[in-house]
Each structure stands twice: as C-alpha cells, then as structure tokens.
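To find a chain, count down the sequence lines: A is the first, B the second, and so on, and within it residues start at 1.
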There are 4 protein chains.
Amino acid sequence: MTKNLTRREKVKLANREAILSAAEEIFAEKGFYAATVDEIAERAEFSKGALYTYFKNKEDIFLSLVLDKVDKQKEMNQGLGASLAPMECIKRLIRAHLKFFEENKEYFQIITSERNRFKPGTKNKLRRELMKRFQSYLKDVEGLMKAAIDKGDLKNLTPNYLAIALIGIINSFTAQWIFTGSESSLQEMSEVVTKLFLEGAKA
Amino acid sequence: MTKNLTRREKVKLANREAILSAAEEIFAEKGFYAATVDEIAERAEFSKGALYTYFKNKEDIFLSLVLDKVDKQKEMNQGLGASLAPMECIKRLIRAHLKFFEENKEYFQIITSERNRFKPGTKNKLRRELMKRFQSYLKDVEGLMKAAIDKGDLKNLTPNYLAIALIGIINSFTAQWIFTGSESSLQEMSEVVTKLFLEGAKA
Amino acid sequence: MTKNLTRREKVKLANREAILSAAEEIFAEKGFYAATVDEIAERAEFSKGALYTYFKNKEDIFLSLVLDKVDKQKEMNQGLGASLAPMECIKRLIRAHLKFFEENKEYFQIITSERNRFKPGTKNKLRRELMKRFQSYLKDVEGLMKAAIDKGDLKNLTPNYLAIALIGIINSFTAQWIFTGSESSLQEMSEVVTKLFLEGAKA
Amino acid sequence: MTKNLTRREKVKLANREAILSAAEEIFAEKGFYAATVDEIAERAEFSKGALYTYFKNKEDIFLSLVLDKVDKQKEMNQGLGASLAPMECIKRLIRAHLKFFEENKEYFQIITSERNRFKPGTKNKLRRELMKRFQSYLKDVEGLMKAAIDKGDLKNLTPNYLAIALIGIINSFTAQWIFTGSESSLQEMSEVVTKLFLEGAKA
DNA sequence: AATGAATGAGGATTCATTCAT
DNA sequence: CATGAATGAATCCTCATTCAT
C-alpha cells in the first residue's frame, strides 16, 4: 500500500515523519502550549515555514502525532485477541503495553498530560476523533476482560472496572519508570504487573 | 490557631482562598500555560492587578495551590497508620483517597497533567519542593505496604511496587470517573478498588 | 513668615520635607520614570496613600522638589552680586556653586538627567515655570559676567558665552566628582576651576 | 569590508540602521524609560514584533545604539593625535567634538540624560562595557593634554582636570545650542570655545 | 489624616501564522 | 517547495492613582 510512491512522495513522507518525531520530543518535554513551533522546527532541522507545508497548524501537528500513535496502540490490541486463551491474552496485553510505552515514552507523557483537555464536548473535530479512538481502545481491553470472565478465568466483575484497574496499574508503573530515569527496561515489570493484577496484593 | 486575626486579615485570607479556588478551576480546565491570569482574575471576581497583591506571579498562584493540596493529601495518610491493623489501614487509605479526589477533582486533574513538568532536575525552588513532597507522599504509602507485608498480610513483593499499583488503580478509577462526567459518587468505588487490589482479577 | 504655624501645620511641613527628601534620593538614583511612588513612600516611611495627601501626583512631587532647589540655587546667586568687586564675585560664585552641588548632589543628578525633558514648548504649566527659572538663573550669571566685562576685568566676549563656559566647567567637575565616588570635597576644586576659567589652559 | 553581502543581508543591515535611527530620536526625546517600544517601532515603520528579530529587547536596542556612537566618537579622537603639534591637536579636537555633537545631537541628549544610570557597580555586562568605553574616551583626551603639557604648551595642571574642563565647556555649549533650538551651526563656536579654554576669561 | 488593597490602563515580550522572495 | 522576516494578537506584569475603612 505504502508502496508505489514517487521519490518525491517518499521524501515528503520521510520529512513528515521527521517533523512528527521532533514534535513528539518537544511536546513530551513541555506540553502542547509551552512547546513552540520554532523549537519543533529547529529540532526537526527544518525552517519554521516548512512545517506549514506539511501541517495546517500547530494543533494539526499535535493531533496527527497522537492519532498515529493511538492507532498503533490499538493495532497492538487487535493482534492479540485472536485464537489465544483469554488468560494468555491478558499476559501478552500487559507485556505489549509495557513494551509499547517503553518504546514510546514521549507519547505516554503527552497522553497523560493532555488527556484532560480532551473531555467530551470538545468542539474541534480532530479532538473528537481522538476521544473516540481512546474510548474505542478502552472498549477493546474491556472486550478481552469480558471474554476472560465468560471463560471463567476472571472474577465476575464489571469488565469496565477490570479494564480500568489494569490500565491504571500499567500506567502507574510506566509513569514511575519515566520519573525515576528509565534506566532499566520497563518490560521487565511484566511479571509483577501480571501477578498483581491477577492475584492481587493479599498474601 | 488561625484565630486572633483582625477583620482585615480575615478578609485577605478569604480573598486569597477565593483566588486559589478560581485558579484551581481554570488550571484544571486548561493547564498551567493555557490558563490566563485574566481569566483567573475574572473567575475570582477580582481585577487582574489584585492577584498580584496576593501572589508574586502566575507560577506562585499555581504552586501555592498545589502545595496546599499536596500537604492536605499527605495529612490524610498520616491520620491513618496509627494503631490500626495494616489491612484496615489500606482499606481506609483507599476510601480516603477516593474521597479526597472526589472532593478535589480539579487538583487531581492538575496533578496528572503537570506532573511531567516536575521531573528531577527542575531548577525552580518551589518546584523542587513540590517534587520532594510528591515523593515523600509515595514513601508514606510504601511504608504502609511494608508494615502489612511484615505482618504477613500482603504478599512479599517490593513495597514500592505495591504502592505504585495501588495508586495506579485509584488514579485510573478517578480519571475515568472524571472523564465520564462524575455524576455518581467516586467513593462508592472503594470496595471494588479494594477487592481488585487485594484479591486480584483472577477467578 | 514661615512662623506662626500651629503644631499641626509644622508637622505637615516636616512630613512634606521628609517626602521630598526621600524622593530626591530615588529620583537621583533612577530618574523620574524608573522611580516608583511605592519606593519613595517606603524610603520616606509613609504609606503610599499619604503621599497623595501632600502632593497631587508623582509629577507634582518631582517638580516641587526641583523648583525648591532651583530657587535655593538662585538665592545663592543673589547673595553675591552686591557690593563686591566683579572678580571677587566670580570667585565666590564658583565656590558657592561647588558647595551647593556638594550638598545637593542628588539634585545635580536629577537636573542633568531630566533637563532634556524640559525643552521650550513643554506644555505643562509647572514645567514651563521650571524652565523660566532655569533661564533666569543663567541670566543672573550672565549679569555678573557683563558687570565684570564692563569693569574691564573680563575679556570682551559675549557674556552669555562666558556664563555657559563657566557653568560647563563647574558641571563637568561636579559630574566627575560624583562619578568617581565623591570621597574628597568638591569645594576643594574651587581654585583649579577659578584658575582654569580665568586664565585658561595655555602655558 | 562591509561588502560581499547578499541583498538580503544588506536589507537586514539597513533595517537595523533604520530601527536604531528611530530609537535614537525617541530615546533622545523621552529617555530610556519613557520611550516605548511601540513608539520606536512606529517611527521606524516596522511592527513591534519586527524589532525583536533585530534586537533582543529594549535595552539591547538602547545599548547597541549608544555603543555604536561611543565608538565613533572614540575613533574621532584617534584620528587626531598623530603627528600634529599638541596645540593644533586640541584645536582640532574641539572642532571635531562640536561637529560630532552637531551631527549627533540625539546621542548627546541620550548620553547626558542617562550617564547617571551607568555608574560603576552597574551589573549588566553591556552597561559595564559602555562605562569602560566612556572612561577610555576621557583617558584619550587626558593623553592629549599630557602631551601638550610635556611640550610646554599647556599649564602644568593635572591633565585629568584639563580634560574635565574642556569637555565641560564643549558639553555646555552643545547643551545650550540644543536648548535654544539649534538653528545656527554649532561648529561656529569652535573659536570661542578654543579661546576660552586656552586663554581663559580674564582680560 | 493615614492606610494599603484594588483598579486598570499601559508596556515589554512572545509566538503562531503568513507571505514575499 | 523552502525560507525566515514580518506581523500583531495575546499575555504577563507594573504601577500611578483612587477609595473604603
């Protein structure tokens, strides 16, 4: 699909990626408002004006970036469900999540910082779109939970709650990993997270 | 303690609170950068200039606000440990947390949004101070975990991990509660949260 | 004249003086614009509001201050002319000037800094007044010069030029004295100044 | 030297000059503080924002302006000393000074107004730099005086005093020329100034 | 009279966006 | 297409002045 591109198109695409990658770093460091287009341009090694040939405006850069990643994260879920046993799915889901955040820690930072700004009612079309995908992503995890409950693998609790709890644990470990300097590998936490989520803290 | 104030002093204190309260709403809605001093002033029903007789600058408003709340949240923890059985402590901690966030949802939004900006290395003195208190707060929860482990009430896992997991679950429920419109009471989630944290999801 | 004051009036007058004295220091340090009413009030150990019971506004403080001093400086000249020989007059004038500036160095700084702002055409009534007095002061010195020329004591040059030159020398010595820290006495310069003015630099 | 510029660079340079020129007028009229960036921009026929692509801030405009001129004034002195007889040097110095001030009367006004603010101890690096050049300029004049004394052309007085006196006379004539409307040529004063400085006022 | 909190106009500065080259 | 200078709206902050107490 992404084949059959002229050289020109390939360059454009690569440039776009370079800009998004620079933007990701800056947005993660400073947040949407404190980040400046100048800074993004500089980090991307483009002129400020060039950014405007690739993107409509600052917000477009931001949302393009986030939508991309949200989709990738969603794909991750989809590659899972398949034919596996629900329990195995959950284990893989946890590992996949931690891997994804380890490889996309800027994205994680952006999301946790800006999520507030994307509450229902947001007018902007792109933002609504973003919200839709967030929720659809949560639904996917919920689906997994529901399947596991039906199989008798998980307690019969509201799937929504189970999804919230799991995502909460994952996010919390990720946040702390980033905060403390992220030297070690976040994926190594998979087992603790899995154990805590499935078996709880009680002795 | 806070007695023996002249009428004037009482007014000043009340005004200060009013400003902080307005600021809390605005900062929660928009984040530190997108919030404008004008808007805070308007919401507080003061002139722009008045804010500057109460606070040094925008950041001072922000940090005063957050430091206040962090301290209150910390006090909450301290009222706990006492003579209770560790297990009971944890239950109460969960309930107290949810209650606190229910009553301070703006604070919750602020914290989750801006935490990134408070990474170690931050130069500003007040910000360093804030970080110190965040960490000290986490340590308190860890302490509780450790006590429960020693009692044989919790699994013998790194207390730090247990604290991270618990806080993650609480935050995640809070975030979702806020996101979905926060009609019902967040405290009602206490039991689910406790159950999930202690017994895990597995059937 | 300034007798027969009630105690109250005496206090008012003293307060007024105190404010002007504080203002003098601040205006000398920072200039009219950079000086703030707050700072003057603080230095005078009055509340900001109090200043406004003594003076109409910031400019009023400034001009009251300057007019006062200009008048004193003018009086100085008048005490001179009298019955003395012109040459003696000039010597005394020089000494008197240096003494006056030594004792009023803040005033000197203010005048040299703000004189530009008082060009002809200035609308403000008080400022016009100030300009009038400046010029009348120059005229006095010119008068002395003229008398000395008529007596055959000074070269037959335009008295205006002689006055300008003399004042220039005096100001320049004063400025340098202030600039270098004004440790020694400025009056000690009287003889050099007199010699230079009267006999010139040539060997 | 200042060749080999692209057209763009030439435009930039010209714009910079235009801004400095506008600033010179405004600063001369009102002083550093009372001058507004808006006004400078308007006079230069640029937008406010444009000034900030050429200069870091208002102070940078001011100091760039002044440093430029101080250097030019200093160059003037250097072109002098050379092989000439000291007496001739002094005559030329006087004429050159008056010419320079005639052509740079805004600069003269700025300097006399703001010199106070540049006392030793000023923290700012650029301001220190400015002070250094002022003093170095005075030293140059002193040097000339010393040479003339050594030649037996001038009275054996402290060269510093001679320099102060000469500069004082020049400044005073310049100030009066500006004050009275500067219709005639200031350079015409050269002979009076020279005569007064060298031969003094005494008949 | 004295106080100092409140006001709000005004000013420096930043930055997303546009556009001539 | 790319550039980066120019724009001007938006924002933080200051400070002279007023006024209720």
Tell me: [atom1] of [X] to [atom2] of [N], nearest whole Å?
X	N	atom1	atom2	value
C:Tyr52	F:dT17	OH	C1'	5 Å
A:Phe46	F:dT3	CZ	C1'	12 Å
B:Leu51	F:dC12	CG	P	10 Å
B:Lys10	F:dT21	NZ	P	16 Å
D:Asp38	E:dA9	CG	C1'	13 Å
A:Lys12	F:dC1	NZ	C1'	8 Å
C:Lys56	F:dT17	NZ	P	9 Å
A:Glu42	F:dT3	CD	C1'	15 Å

With a 4.0 Å limit, can you tell me whether [X] has a side-chain N or O closer than that to the phosphate oxygens OP1/OP2 of [N]?
X	N	result
D:Tyr54	F:dA5	no
B:Thr53	E:dA6	yes
A:Thr36	E:dC15	no

For [X] and [Y], indicate whether the former's side chain and the latter's backbone hold a donor-acceptor pair under 3.5 Å.
X	Y	answer
C:Lys105	C:Ala28	no
C:Lys30	C:Thr36	no
C:Ser21	C:Glu17	no

* Would you jot down, in residue-number order, the residues of residues 15-35 of chain B having a non-hydrogen atom under 4.0 Å from DNA chain E? => B:Asn15
* To do: Write down the partner of F:dA20 under the Watson-Crick or G-U wobble criteria, each distance required to be under 3.5 Å.
  => E:dT3
* **Distance-only donor-acceptor test, D:Lys58 side-chain atoms vs E:dT13 base atoms, 3.5 Å** => no
* Which value, rounded to the nearest 0.5 Å, describes the distance between B:Phe62 atom CZ and B:Glu114 atom CD? -> 4.5 Å
* Rounded distance [0.5 Å steps], CG in D:Leu63 versus CZ in D:Phe32 -> 7.5 Å
* To do: With heavy atoms under 4.0 Å as the rule, sort D:Phe55 into base, sugar-phosphate or nothing.
  => nothing
* Tell me which of A:Ala50 and D:Gly49 sits closer to the 5' end of DNA chain F, going by the nucleotide each one is nearest to. => A:Ala50
* So do D:Tyr107 and D:Glu24 actually touch side chain to side chain, heavy atoms under 4.5 Å? -> yes
* C:Arg7 and C:Val11, any side-chain heavy atoms less than 4.5 Å apart -> yes
* Structure fact -> Assign each of B:Glu45 and D:Lys48 the nucleotide of DNA chain E bearing its closest heavy atom; nearer the 5' end lies the nucleotide of B:Glu45
